[in-house]
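Below: the structure, in structure tokens.
None of these values were measured; they are calculated from a predicted model.
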Amino acid sequence: MPSVEAGAPGPLTALPPIALQFAQKAFIVSGGRLLLVRKSASDPFHPGRWEVPGGRLEADADLDLDDHIRREVWEEVGLKIDPGPPFHLWQWYMPDRGPRGGQVRVVAAARRCRPVTLDTTLDNQDAGDHLDGCAWVPLAELGGYDLIPSLRPVMRAFLLPPA
């Protein structure tokens, strides 16, 4: 194996950086309906596709995981929720849009949540959310929605009868 001078890029340091982030998604059900949100046409990754509310943890601001998912749901759809247990873990990769480039590996937890309020609004979201709609969808009709690809196996896990 060829030697590498101290401080010189080696085979691993020459790879693009991979940043690690954590996310949570809220599966909020009321009256046999699941709350979905639609990505706007300005979304850089999945314009027009559907998903559930949630987002990435802000390491400097979110000290508690329950508070994190409450904040995300409030910002995206204006609901107050009671966070429930996680039922599925998964990951996806996306381009890092920061100055370093590379990729972001997002590790996510899906959680069953109970709504405390039911009136949705998109007025609280920030520009980075890229949402233009939400809908309470009957569980039997979820298959007719164009979900973001990484959410499809999570939705299947959600719809499985409890063990």
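Taking every heavy atom of both residues into account, G78 and N124 meet most closely at CA-ND2, 3.6 Å. Of all non-hydrogen atoms in A41 and P47, the two that sit nearest each other are O-CB, 3.7 Å. Smallest separation of non-hydrogen atoms from R111 and D66: NH2-OD1, 2.5 Å. Of all heavy-atom pairs spanning F22 and A109, the tightest one is CZ-CB, 4.1 Å. Annotation for A157 and H88: closest pair CB-ND1, 3.5 Å, computed over non-hydrogen atoms. Listed here is the closest heavy atom pair of V116 and I81: CG2-C, 3.8 Å.
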So S30 and L118, side chain to side chain contact (heavy atoms under 4.5 Å, CB included) or not? Walk me through it. CA-CA 8 Å; S30 178; L118 294 173; 3.5 Å; yes
Set out, in order, the CA-CA distance, both residues' side-chain angles and the distance that settles side chain to side chain contact (heavy atoms under 4.5 Å, CB included) for L57 and Q21, then state yes or no. CA-CA 7 Å; L57 184 77; Q21 295 183 357; over 6 Å; no
Evaluate the side chain to side chain contact (heavy atoms under 4.5 Å, CB included) criterion for residues L151 and W50: first the C-alpha distance (whole Å), next the side-chain angles of each, then the deciding distance (0.1 Å), finally the verdict. CA-CA 9 Å; L151 193 66; W50 292 85; over 6 Å; no
With side chain to side chain contact (heavy atoms under 4.5 Å, CB included) as the test, would you mind laying out the steps for R71 and E58 before giving the verdict? CA-CA 10 Å; R71 178 186 59 76; E58 293 176 9; 3.5 Å; yes
When you look at R105 and D96, which way does the salt bridge (Lys or Arg N to Asp or Glu O under 4.0 Å) test go after all the steps? CA-CA 9 Å; R105 176 185 181 191; D96 189 340; over 6 Å; no
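The distance from atom CD of E72 to atom CD of Q24, rounded to the nearest 0.5 Å, is 8.5 Å. Distance check, rounded to the nearest 0.5 Å: CZ of R49 to OG of S150 gives 10.0 Å. Taking CZ from R70 and CG from L65, the interatomic distance works out to 11.0 Å, rounded to the nearest 0.5 Å. In this structure, CD1 in I69 is found 11.5 Å from CG in D64, a value given to the nearest 0.5 Å.
There is a path of hydrophobic side-chain contacts, each under 4.5 Å, that joins V37 to L79.
Within the 4.5 Å cutoff, no side-chain heavy atoms of L20 are placed close to those of I18. Two residues are said to be in side-chain contact when any heavy atoms from C-beta on lie closer than 4.5 Å; E76 and C134 fail this criterion. Residues F45 and I148 form no side-chain contact, since every pair of their non-hydrogen atoms from C-beta on lies 4.5 Å or further apart. Looking at heavy atoms from C-beta onward, L131 lies out of side-chain contact with R38 at the 4.5 angstrom threshold. Within the 4.5 Å cutoff, side-chain heavy atoms of L139 are placed close to those of L34. The shortest side-chain heavy-atom distance between L36 and M155 falls under the 4.5 Å cut-off. Within the 4.5 Å cutoff, the side chain of V154 has no heavy atoms near those of the K25 side chain. Annotation: side chain of S40 is in contact with side chain of H130 (closest heavy-atom distance under 4.5 Å).
F87 and F158 have tilted rings, their planes meeting at an angle from 30° to 60° on a 0 to 90° scale.
The backbone N or O of L147 lies less than 3.5 Å from a partner atom in the side chain of R152, making a donor-acceptor pair. Checking side-chain atoms of H68 against main-chain N and O of G55 turns up a donor-acceptor pair under 3.5 Å.
A salt bridge does not link D119 with K80: none of the charged nitrogens is closer than 4.0 Å to a carboxylate oxygen.
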